[in-house]
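Taking it in order: structure first as structure tokens, then the write-up.
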Amino acid sequence: MGGFSWPLETELDDLRKVVAAMARRTTEEVRVVVSPYRICPLGAHIDHQGGAVSAMTINKGILLAFVPSGNPEMVLRSAQFEGEVRFRVDESHQPKKAGKANENINANGSEKLQECCWGRYARGAVYALKSKGNILNQGIIGLISGSSGLDSSGLSSSAAVGVAYLLALQNANSISVSPTENIEYDRLIENEYLGLNNGILDQSAILLSKQGCLTFMDCKTKEYKLVKSSNLKENTSGVHKSYKILLACSGLKHALTSGVGYNRRVAECREAARVLLDAVGKHELEAVLSNVEREVYEAHKDKLDPLLARRAEHYFSENMRVMKGVEAWTSGRMDDFGKLITASGRSSIQNYECGCKPLIELYEVLVKAPGVLGARFSGAGFRGCCIALVDADLASEAALFVKAEYNKLEPELVGKITQEGEAAVLICESGDGARVITAT
Ligand code: GLA
């Protein structure tokens with residue numbers, strides 16, 4: 001629980017030993033990519049429309065221990081999934097045709113991380129690097145492992161995996177790549193190779209974030225800044241209200257409602273943008289909501305049918321919450337920041353209409369928990385976790401409250417979490433962005 005302690009040295013050593021045995025090398029030769037999960041306190045579901053987002057990485061995520069294989073062979077194992085993935089980086093790795101590319105994507109648009117397909121992220125990373133002209137001579141021999149209980153949690157495990165393979169392959173092939181280029185490479189994995197029409201929030205957060213800062217990004221211009229809260233700067237006033245991050249797991253790893261999907265919501269936002277742009281004769285502009293001026297939205301929103309009007313309302317109100325949130329964070333008004341998170345959660349339910357009964361129940365429980373400043377769904381919001389910002393002094397109390405209250409509402413789901421040996425509520429802290437640890 002908590003602490004700036006991820007990854008633990010013992011965790012790294014265990015992975016190094018397995019990879020050293022797989023590759024018949026010494027543990028000193030094994031390198032490890034640390035690729036953290038992210039939370040998005042404000043800015044949900046607007047990255048794919050070029051909106052503004054905020055994010056932070058946490059002290060949990062993906063570890064990929066590896067050695068360069070010395071030849072084009074890739075040999076991969078997973079601590080969570082069975083089987084061994086083997087392929088060569090000098091083979092062609094093209095995305096499958098539309099229908100095929102989507103065969104392992106859930107109705108909610110998230111990938112089922114099953115044994116049959118977990119190797120596809122590595123293939124996608126090879127595809128992304130090669131499609132931009134990089135030459136790969138070396139594969140890797142590696143073991144990938146995610147923080148326990150958090151796969152399919154809505155914490156961006158798929159982007160964390162994609163980034164991990166990208167960094168490992170770049171390291172093994174001595175290719176130097178900027179974070180901005182890696183944001184694009186991961187986009188190619190997700191949009192082109194896996195067929196998910198998501199935005200760039202996840203990988204941007206994973207690649208750019210710094211411990212203690214809020215990462216703000218304009219997904220249209222790709223400009224970003226790391227914002228330190230005045231509350232968290234060196235304490236000169238004697239008042240230091242620190243926060244922690246609660247991850248409350250719903251126990252749902254896959255969508256309950258089929259047919260309600262991530263890609264469908266993206267298409268609805270685009271439809272709304274088209275109507276609004278056409279209303280002012282801007283037929284030539286790409287149909288994304290960031291191309292629509294707020295004034296145009298206000299003047300022409302009555303032309304949208306009710307469903308499209310809700311999607312557009314989410315976009316414009318969420319963009320505004322991100323802007324206000326950055327101001328609140330900067331000046332240390334954590335209570336205001338928290339209220340915006342809760343309002344963002346409400347808009348996801350009412351306007352974006354994602355989530356499902358257990359996730360909405362969990363959100364309502366979190367909002368009432370002691371010390372919680374604000375809460376919302378994590379990630380796409382169709383399954384997985386809710387996140388909350390909580391007063392550090394009350395974090396344990398809040399965790400107990402949430403577990404007990406959610407258990408009253410969804411005993412079977414909590415039973416399943418406990419049976420699988422996972423925690424229903426975790427207390428986390430902000431962490432650093434993705435990096436490679438080489439032997440000491
Ligand atoms: C998923 C997607 C992101 C973003 C979030 C919702 O994590 O991968 O691009 O749209 O959902 O904010």
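Whatever order the structure lists them in is the order used to number ligands and atoms, beginning at 1. In this text, all values refer to a predicted model and were calculated from it rather than measured experimentally. For this chain, numbers begin at 1 and follow the sequence in order.
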> In a check of side-chain contact (heavy atoms from CB on, under 4.5 Å) between Ser347 and each of Arg321, Glu313, Arg310, which one passes?
Replying inline: Arg321
> What do you reckon, are the aromatic ring centroids of Trp329 and Tyr243 less than 6.0 Å apart?
Replying inline: yes
> Between His93 and Tyr193, does the ring centroid distance fall short of 6.0 Å?
Replying inline: no
> Under 30°, 30 to 60°, or over 60°: which ring-plane class applies to Tyr262 and His48, parallel, tilted or perpendicular?
Replying inline: perpendicular
> Given Asn291, which of Lys220, Glu286, Lys282 fulfils the side-chain hydrogen bond (donor to acceptor under 3.5 Å, both in side chains) condition?
Replying inline: Lys220
> Is the closest side-chain donor-acceptor distance between Asn182 and Gln170 under 3.5 Å?
Replying inline: yes
> What residues sit with at least one heavy atom under 4.0 Å from ligand 1?
Replying inline: Arg38, Ala44, His45, Asp47, Asn198, Gly199, Leu201, Asp202, Tyr262, Gly379, Ala380
